[in-house]
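Accompanying notes for the structure given below.
FYI, the numbering just counts along the sequence from 1. Each ligand, and each atom within it, is numbered from 1 in the order the structure gives.
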Amino acid sequence: MLLVSAPVLGVPEKVALSKVIDSGWLTMGERVRSFEEAFAVMHGAEDCVAVNSCTAALHLILYGLGIGPGDEVLVPSLTFVATVNAVLYVGAKPVFVDIESADVPLMSIAEAEARCTSRTRAVILVHFAGYLADKAEWQAFASVRGLYIVEDAAHAPGLKDVGTFGAGAAFSFYGNKNMTTAEGGVVITRDPDLREKIRLARGHGMTSGTRQRLNSRTPQYDVTMLGFNYRMDEMRAAIGLVQLRNLQEWNEVRRILVALYRRLITARCPSITMPFGEPRTSAYHIMPVLLPRHVDRQCVIDELRAQGIQTTIHYPPVHQMTLYRERCPGVHLPRTEDFAERELTIPLHPQITSPVAEAVVDALAAALEDAARAGAAA
Ligand SMILES: *Cc1c(COP(=O)(O)O)cnc(C)c1O
């Protein structure tokens with residue numbers, strides 16, 4: 001099966017893992033610190049905080065900003081549920097905002113403006129599919145209203161601009177992301193006070209970790225705030241250090257594959273449209289395409305699957321799922337809903353070669369013809 005996403009793992013990761021085991025120190029040691037330093041350097045940041053997921057990173061940013069009950073946070077619905085859950089964790093209210101268009105499926109500033117109230121405190125921007133939101137426009141929007149910008153950067157590691165929009169950015173190293181630590185995440189924030197607060201909150205609010213106590217004369221520690229256990233371990237950091245060395249190269253392979261897909265799909269599947277027609281800075285996390293309205297998407301998915309090609313959907317809109325319908329009833333986002341009904345994500349990862357990409361597009365073209373015929377016959 002050709003997967004939508006697959007991690008690149010090999011001997012260097014195995015060696016790095018063995019060294020951790022040989023070292024006898026498994027969590028929050030020198031590898032976690034080295035990983036933080038290397039990740040910060042790649043993003044032109046002074047420092048960052050490694051955690052055990054992007055979900056934890058998002059939670060810590062909102063928590064560190066003091067967002068809580070009575071506050072509202074603007075969120076997209078075209079995202080993974082974690083973006084919205086982080087808002088619920090701190091007791092704030094997520095306010096869903098529609099996308100700009102099928103061509104630019106990022107949060108619409110005009111819609112965001114319409115949903116602002118006196119209780120709005122922050123906006124979470126998702127760099128959907130790796131394509132960056134418009135920094136200058138969002139900064140103008142946020143500064144006029146005194147809002148925090150939080151970036152859900154799960155799709156966009158490796159880009160210099162990510163983490164510079166506002167209060168902080170959350171990254172994911174889950175197995176299907178551009179780089180992986182199996183599970184893992186990072187918070188980048190330019191604000192040193194917020195960063196130290198987040199660093200404390202990552203480990204129960206304890207003023208020193210096990211490692212620091214080993215290196216210092218006193219075994220004492222204090223707890224100065226309510227924290228969480230969102231720590232990263234040495235195995236993950238060791239894998240992350242290896243993966244990070246390849247990230248720019250992998251993102252470049254993704255860019256080339258997306259350009260190839262675009263050319264092939266335009267030529268061979270003329271009824272398919274692709275978002276982000278205009279060039280835009282991207283980490284090319286996924287390859288979303290939009291099927292024509294009359295096509296039965298499930299037929300296309302089934303036929304590709306029969307050919308050994310996995311496809312997925314990014315995303316089933318969050319506001320339409322049971323929990324969020326209960327918590328935030330009556331939300332209607334026509335552009336998000338239309339996009340999500342037609343979207344199909346085709347395989348994109350650094351191990352895909354040009355002939356494989358061609359085979360995917362040929363299979364897609366054939367599946368579309370069959371689905372159109374089935375639709376006409378029905
Ligand atoms: C993967 C993902 C997350 C969650 O990341 P975890 O590391 O699994 O917690 C959050 N937001 C988006 C947009 C994602 O794609």
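Taking a cut-off of under 4.0 Å to the non-hydrogen atoms of His155, the atoms of ligand 1 that pass are 13 (C), 14 (C), 15 (O). Here is the list of ligand 1 atoms found below 4.0 Å of a heavy atom in Ala82: 4 (C), 10 (C).
Counting protein heavy atoms only, atom 9 (O) of ligand 1 is closest to Thr55 OG1, 2.5 Å. Of the protein's heavy atoms, Phe80 CD2, 3.6 Å lies nearest to atom 3 (C) of ligand 1. Looking only at protein heavy atoms, the nearest one to atom 10 (C) of ligand 1 is Asp152 OD2, 3.5 Å.
Residue contacts with ligand 1 include Gly184, since one of its heavy atoms falls under 4.0 Å from the ligand. Residue contacts with ligand 1 include Lys177, since one of its heavy atoms falls under 4.0 Å from the ligand.
A donor-acceptor pair is defined here as one N or O able to donate and one able to accept, closer than 3.5 Å; no such pair exists between the side chain of His319 and the backbone of Arg325. In terms of modelled atom types and a separation under 3.5 Å, the side chain of Arg231 and the main chain of Asn52 share no donor-acceptor contact.
Classification of Asp338 and Arg342 as a salt-bridged pair holds, one side-chain N sitting under 4.0 Å from a carboxylate O. Salt bridge annotation for Arg335-Glu341: absent, with no cationic side-chain nitrogen under 4.0 angstrom from a carboxylate oxygen.
If you check the side chains of Glu72 and Thr117, you find a donor sitting under 3.5 Å from an acceptor.
Under the ring-ring contact (aromatic ring centres under 6.0 Å, His included) criterion, the residue pairs touching residues 247-284 are Tyr131-Phe276, Tyr131-Tyr284, with sequence neighbours excluded.
In this structure, Ile61 and Ile198 approach most closely via the heavy-atom pair CA-CD1, 3.9 Å.
Here's the thing with Tyr315: one of its N/O atoms is less than 3.5 angstrom from an N/O atom of ligand 1. Residue Ser172 has at least one nitrogen or oxygen atom sitting less than 3.5 Å from a nitrogen or oxygen atom of ligand 1, judged on distance alone.
A perpendicular orientation is assigned to the rings of Trp138 and Phe141, their planes being inclined by more than 60° (bins at 30° and 60°).
Within the 4.0 Å heavy-atom criterion, the part of Thr79 lying near ligand 1 is the side chain and not the backbone.
Closest heavy-atom approach to atom 5 (O) of ligand 1 among the candidates Ala57, Cys54, Ser53: Cys54. Closest heavy-atom approach to atom 12 (C) of ligand 1 within the set Ala154, Gly175, Ala170: this belongs to Ala154.
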